[in-house]
Amino acid sequence: MEESATAEKPKSAVSVSQFLTFSLGQEEYGIELLKVQEIKGYSAITPIPNTPHHIKGVMNLRGSVIPIVDLRIRFGMDAIEYTKFHVIILINVGAKVIGLLVDAVSDVLNVGPDDIRPAPDFGAHADTRFISGMASAGDKVAVLLDIETLLSEADLAVSGEANSDEAAITVQAS
């Protein structure tokens, strides 16, 4: 009997997921920690013409051109003036590295499968496909993001809205 109890402990430890939480305004969001490559302070971003408003531009990171997505704009929030206190979270989406511009990084949240609630249904007027669930983060609720869905839609918007192939290739380069 002790063997089966011991065998279950690693199984329960594996089922806990970790999310990096960050803030946009007063709201908390989370992305899978395994998707995060690096957290970097705000630095120079080069705007790219003919891209959607939520694509802030690109930055040079050790010789690689990284597209930067402004999540405030992507989520329909008011634009703000960014300062050195804002953060860029570099994430891996497939073979690409993409930067997410956020207000601040909060914490790493350990969440069991029973602690994740489905996203509420707001009807046809709210697009919640990129929300993988909701989880408690202290006294707040963190919106857990499906980053592949969120950014694949952003990438499609870049390809569809860019007026030149060169602009689309530059933004999507990794």
Side-chain angles (χ1 to χ4, degrees), residues 16-111 116 127-133 135 137 140 142-174:
V16 172
S17 299
Q18 292 186 309
F19 293 87
L20 178 69
T21 58
F22 60 89
S23 62
L24 293 172
Q26 300 299 313
E27 306 304 320
E28 290 287 320
Y29 296 89
I31 54 176
E32 287 180 68
L33 188 60
L34 293 175
K35 302 278 184 198
V36 177
Q37 175 179 312
E38 184 177 340
I39 300 169
K40 184 174 174 17
Y42 184 78
S43 60
I45 297 173
T46 303
I48 301 294
N50 302 317
T51 59
H53 293 291
H54 63 271
I55 304 295
K56 185 84 173 160
V58 295
M59 67 181 287
N60 182 350
L61 180 70
R62 296 183 288 279
S64 296
V65 176
I66 310 294
I68 305 298
V69 175
D70 185 333
L71 283 186
R72 283 181 148 275
I73 304 300
R74 177 72 174 98
F75 292 158
M77 299 175 157
D78 292 334
I80 62 169
E81 188 68 33
Y82 286 101
T83 68
K84 64 181 179 178
F85 299 109
H86 290 87
V87 179
I88 297 172
I89 303 171
L90 298 169
I91 57 165
N92 296 306
V93 179
K96 295 180 186 177
V97 176
I98 298 175
L100 303 177
L101 184 55
V102 301
D103 293 351
V105 170
S106 304
D107 201 0
V108 173
L109 185 63
N110 295 314
V111 181
I116 298 176
D127 182 10
T128 59
R129 290 177 291 168
F130 57 86
I131 299 175
S132 63
K140 293 186 176 185
V143 178
L144 304 179
L145 301 176
D146 177 350
I147 210 69
E148 283 86 9
T149 302
L150 178 68
L151 294 180
S152 66
E153 291 175 15
D155 286 342
L156 291 175
V158 170
S159 298
E161 291 181 27
N163 288 338
S164 73
D165 290 337
E166 184 177 307
I169 291 168
T170 303
V171 171
Q172 293 180 0
S174 53

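Everything numeric in this text was worked out from a predicted model, so none of it was measured. One-based numbering along the sequence shown.
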message: My understanding is that only residues two or more places apart in sequence, or in another chain, count here; which of them pass ring pair (Phe, Tyr, Trp, His ring centres under 6.0 Å) with Phe22?
response: Tyr29
message: Could you report the tightest heavy-atom contact between Ile66 and Gly99, atom names first, then the distance?
response: CG2-N, 3.6 Å
Pairing residues for Ile116 by the side-chain contact (heavy atoms from CB on, under 4.5 Å) criterion, not counting sequence neighbours: Phe19, Val111, Leu144
field: Within-4.5 Å side-chain heavy-atom neighbours: Val69 and Leu150
entry: no
task: Drop me the distance from Ile147's CD1 to Leu71's CG, to the nearest 0.5 angstrom.
output: 6.5 Å
side-chain contact (heavy atoms from CB on, under 4.5 Å) assessment of Val97 paired with Asn92: CA-CA 5 Å; Val97 176; Asn92 296 306; 3.5 Å; yes
Pairwise distance CD1(Ile55) to CD1(Ile68) - rounded to 0.5 angstrom: 9.5 Å
Name each donor-acceptor pair under 3.5 Å that joins a side chain in residues 39-46 to protein atoms two or more places apart or in another chain, with its distance.
none

message: Looking at every non-hydrogen atom in both residues, tell me the closest pair between Thr149 and Asp146 and how far apart they are.
response: OG1-OD2, 2.9 Å
Going by atom type alone, with no hydrogens or angles, which donor-acceptor pairs under 3.5 Å involve a side-chain atom of residues 101-108 and a protein atom two or more places apart or on another chain?
unit_1: Asp103; atom_1: OD1; unit_2: Arg72; atom_2: NE; d: 3.0
unit_1: Asp103; atom_1: OD2; unit_2: Gly25; atom_2: N; d: 2.6
unit_1: Asp103; atom_1: OD2; unit_2: Arg72; atom_2: NE; d: 3.4
unit_1: Asp103; atom_1: OD2; unit_2: Arg72; atom_2: NH2; d: 3.0
unit_1: Ser106; atom_1: OG; unit_2: Glu28; atom_2: OE1; d: 3.0
unit_1: Ser106; atom_1: OG; unit_2: Glu28; atom_2: OE2; d: 3.3

message: Give me each pair satisfying ring pair (Phe, Tyr, Trp, His ring centres under 6.0 Å) with a member in residues 87-110, each pair once, sequence neighbours excluded.
response: none
field: Partner residues of Gln18 under the side chain to side chain donor-acceptor pair (under 3.5 Å) criterion, sequence neighbours left out
entry: Asn110
query: Between Leu90 and Ile98, is any pair of side-chain heavy atoms under 4.5 Å apart?
result: no
For a quick test of your reading: what N or O donor-acceptor pairs under 3.5 Å do the side chains of residues 80-87 make, sequence neighbours left out?
unit_1: Tyr82; atom_1: OH; unit_2: Asp70; atom_2: OD1; d: 2.7
unit_1: Tyr82; atom_1: OH; unit_2: Asp70; atom_2: OD2; d: 3.1
unit_1: Thr83; atom_1: OG1; unit_2: Phe85; atom_2: N; d: 3.2
unit_1: Thr83; atom_1: OG1; unit_2: His86; atom_2: ND1; d: 3.3
unit_1: His86; atom_1: ND1; unit_2: Thr83; atom_2: N; d: 3.0

Qualifying salt bridge (charged side-chain N to carboxylate O under 4.0 Å, His left out) pairs with a residue from residues 53-67, counting only residues at least two apart or across chains: Glu38-Arg62
query: Mind checking what makes side chain to side chain donor-acceptor pair (under 3.5 Å) contact with Gln37, not counting sequence neighbours?
result: none
message: Would you compute the distance between atom OG1 of Thr21 and atom CG of Leu33 and round it to the nearest 0.5 angstrom?
response: 10.0 Å
Note, Ile89 side chain near Ile31 side chain (heavy atom, < 4.5 Å): yes
task: Measure the CD1-NE2 distance between Ile73 and His53 for me, rounded to the nearest 0.5 Å.
output: 9.0 Å
message: Val143 vs Phe75, test: side-chain contact (heavy atoms from CB on, under 4.5 Å). Steps then yes/no.
response: CA-CA 12 Å; Val143 178; Phe75 292 158; over 6 Å; no
task: Quick one: closest heavy-atom pair of Pro67 and Val65, and the distance?
output: CD-O, 3.9 Å
